[in-house]
Amino acid sequence: MLDRRFIRENPQAVKDAVRVKGIGLDVDELLSLDQASRDLQRELDDAQARRRSFAREFARADEETRIRLRAEHEEQDAHLKEVREELAEVSEKLQALMLQTPTIPWEGSPVGADDTANVTIRTWGQAPAFGFEPKDHVELLENRGWAEFARARKVAGERAYALVGEMVMLERALLTYALDHLIEVGSTVISVPVLVREEPLTGTGQFPAHREETYAITADDLYLAGTAEVALTGLHSGEILDLRQLPIRYAGISPCFRREAGSAGRDVRGLLRVHQFEKVEQWVMCAADDAESDRWHFEILGAAEHLLQALGLHYEVVECATGDMGAGKYRMNDINTWFPSLGKFRETHSCSSLHDWQARRANLRYRDADGSVKFAFTLNNTAIATPRLLAALVENYQTADGKVTVPEVLRPYLGGRAQL
RNA sequence: GGUGGAGUCGCCUAGUGGCCGAGGGCGCACGCCUCGAAAGCGUGUGAGGGGGCAACCCCUCCGUGGGUUCAAAUCCCACCUCCACCGCCA
């Protein structure tokens, strides 16, 4: 969400952002609603001021005057009610449009409608050379009894899976390794609620645009969050933090739930696109400063790259196109990891700077050095999302005889074993 | 799930329909005092919105949302959160 004053003063910048991000928002309508809302607000303020002084007069008046005042009150109340209703109607429409306003994207982001316009800015490592025909992760896991797909789908429907035996331990190892590294670089580890209210989902930007992608528990008016980011952003909602409390750097761990409503039939095989997965998420709230936000962007992007490098996985970092990054993002870099079975990179991480867009929605504020209250900047990035990354790991580290070599950094978490 | 109690400014609290247009204390900031400090004294001390070139003015907010009333922190209803006890339970 943008600042109303900013939209008023920079309508063209907002229109440009709406266009390059492919958002169906009528900025002129928003501007006229903004004007109408301010006019009505002024009218209401004046009318209320008058009404209040009349009520005080009433308290001091004699019986005769009271009869006269009562009649005037009725007139005033009718007018007040009318203005209030009109303002409520305008405000509701305005708010609906405000929630669609995009962050102005970084000028370096490639302009394009979708991820086909994303630009690779670097690659690390290389694809493993197998002296044999590599198997995909489904075959690898089934051959070793490391996963149940058919039985899991009997229980939970399409895209369900169950990891078995050593695969469970390997997944745990990945997550624990990520947490250990993030602690080392100064993050506060936090396990967050996943069953959440509507407000934090609106706060992060999941709602209203992506409501269909979220599971709803209608009996209790709760939802299953698709990422720890939802709770992390909600944690400090409504607070005014002291500048000294910033930056806040969290490593949130949680299960994640996604309906995948927009991708029916895609990637139904295996572990690449599932309804339920585990993720360690990096999240940062910092002062409202472009340079500091940029610094954190590269810090948390670097942390994710560090993990992949330590795991020895071949990856590329892409600069995401304006149409791929979503309304709230100033800048987004995805990391795509190499999948031998696909013969290509596949998204495993997504690093986003949102400037104050989320902070405005979620009401994340701090008191600056000069005493003024400001909306903070937020950023987030995946650290490890599994089982997608687990699938990449297994495919990249498979041996000719169907075993999996354990990357050295994970061995301490698996009793020192070098191979599974 | 049930019963009872509670939610007021950063913190503690006063407040049972008009004197609340929210008082006091703590904390914090500034000033006086002092060689300097502490103590003491004085002044100030929230958020959001609107208007004005400006000094400044106005409106909203006492957990949230409704309602009653000329008038609500105060009365009524629903919800949220916390505390206590009962029930159930990993």
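So that the names make sense, note that chain A is the first sequence line, chain B the second, and so on, each numbered from 1. Keep in mind that what you see is a predicted model, and the values were worked out from it rather than measured.
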Quantified in whole Å, what is the P atom distance between nucleotide B:A38 and nucleotide B:G49? 37 Å

Whole-Å gap separating C1' (B:G51) and CD (A:Q41): 11 Å

Report the distance from atom CZ of A:R360 to atom P of B:A47, rounded to the nearest whole Å. 16 Å

Side-chain N,O (A:R50) to OP1/OP2 (B:C59) below 4.0 Å: no

Between B:C58, B:G48, B:G51, which nucleotide gets closest to the side-chain atoms of A:R38? B:G51

To the nearest angstrom, the CZ-P distance between A:R52 and B:C61 comes to 8 Å

Take A:L420 and A:V394 through the test side chain to side chain contact (heavy atoms under 4.5 Å, CB included) and record every step on the way to the result. CA-CA 10 Å; A:L420 299 177; A:V394 168; over 6 Å; no

Taking the same atom, P, in B:C76 and in B:G18, what whole-Å distance lies between them? 15 Å

Let's test this: given Watson-Crick or G-U wobble pairing with both distances under 3.5 Å, identify the partner of B:G10. B:C26

Report the base-pairing partner of B:C53 (Watson-Crick or G-U wobble, both distances below 3.5 angstrom), or none. none

Nearest-angstrom distance, C1' atom, B:G17 to B:U69: 9 Å

Nucleotide forming a Watson-Crick or wobble pair with B:G31, both distances under 3.5 Å: B:C41

On RNA chain B, compare the nucleotides closest to A:D3 and A:L44; which residue's is nearer the 5' end? A:D3

Which class fits the ring pair A:W283 and A:H236: parallel under 30°, tilted 30 to 60°, perpendicular over 60°? parallel

Is the A:H181 ring parallel, tilted or perpendicular to the A:H306 ring (thresholds 30°, 60°)? parallel

Taking pairing as Watson-Crick or G-U wobble with both contacts under 3.5 Å, can you name the mate of B:U74, or confirm there isn't one? none

Among A:N381, A:T382, A:D334, side chain to side chain donor-acceptor pair (under 3.5 Å) partner for A:S350: A:D334

Kindly say if A:R8 contacts the phosphate of B:G50, meaning a side-chain N or O under 4.0 Å from OP1 or OP2. yes

Hey, what's the ring geometry for A:Y330 with A:H355, parallel, tilted or perpendicular (30° and 60° as the breaks)? parallel

In whole angstrom, what separates A:E198's CD from B:C80's C1'? 15 Å

Starting at atom CG of A:D242, determine the distance to atom C1' of B:A29, rounded to an integer number of angstrom. 14 Å

Assess, by modelled atom type and distance only, whether the side chains of A:N380 and A:Q282 contain a donor and an acceptor separated by less than 3.5 Å. no

Quick check: any donor-acceptor pair below 3.5 Å linking the side-chain of A:D45 to the base of B:G49? yes

Using the P atoms only, state how far B:G10 lies from B:U3, rounded to an integer number of Å. 34 Å

Contact class for A:R367 (heavy atom, under 4.0 Å): base, sugar-phosphate, or nothing? sugar-phosphate

Under 6.0 Å from the six-membered ring centre of A:F207 and within 45° of its axis: does the NZ or CZ of A:R211 meet both? yes

Let's test this: given Watson-Crick or G-U wobble pairing with both distances under 3.5 Å, identify the partner of B:A90. none

Measure from the side-chain heavy atoms of A:A49 and tell me the nearest of B:C58, B:U60, B:G48. B:C58

Look through every strand shown and name the nucleotide pairing with B:A47 as Watson-Crick or G-U wobble, where both distances are under 3.5 Å. B:U60

Students often get this wrong, so: under 4.0 angstrom with heavy atoms, is A:R4 touching a base, only sugar-phosphate, or nothing? nothing

P spacing across the pair B:C30 / B:A84, given as an integer number of angstrom: 41 Å

Provide the Watson-Crick or G-U wobble partner of B:G36, both distances under 3.5 Å; none if there is no partner. none

Work out how far the P atom of B:C61 is from that of B:A71, and round it to whole angstrom. 14 Å

What's touching nucleotides 66-70 of chain B from the protein side, N or O pairs under 3.5 Å?
{"from": "B:C70", "atom 1": "OP1", "to": "A:R70", "atom 2": "NH1", "distance (Å)": "3.2"}
{"from": "B:C70", "atom 1": "O3'", "to": "A:R51", "atom 2": "NH2", "distance (Å)": "2.8"}
{"from": "B:C70", "atom 1": "O2'", "to": "A:R51", "atom 2": "NH1", "distance (Å)": "3.2"}
{"from": "B:C70", "atom 1": "O2'", "to": "A:R51", "atom 2": "NH2", "distance (Å)": "2.6"}
{"from": "B:C70", "atom 1": "O2'", "to": "A:H73", "atom 2": "ND1", "distance (Å)": "3.3"}

pair_partner(B:A84), Watson-Crick or wobble, both distances < 3.5 Å, evaluates to B:U3

Quick one: A:M98 CE to B:G48 P, roughly how many Å, whole number? 15 Å

Interatomic distance at P, B:G4 relative to B:A78, whole Å: 12 Å

Going by distance alone, is a donor N or O of one side chain under 3.5 Å from an acceptor N or O of the other, for A:T233 and A:R361? no

Distance, C1' atom - from B:C62 to B:A22, rounded to whole angstrom: 8 Å

Do any N or O atoms from the side chain of A:N336 and from the backbone of A:V318 form a donor-acceptor pair under 3.5 angstrom? no

Starting from P on B:C61, measure out to CD on A:Q48 and report it in whole angstrom. 8 Å

Which heavy atom of A:G112 sits nearest a heavy atom of A:A117, and at what distance? CA-CB, 3.7 Å

Please work out if A:R197 contacts a base, only the sugar-phosphate, or nothing of the nucleic acid, heavy-atom cut-off 4.0 Å. sugar-phosphate

Roughly how many Å is it from CD in A:E199 to C1' in B:C79, rounded to a whole number? 12 Å

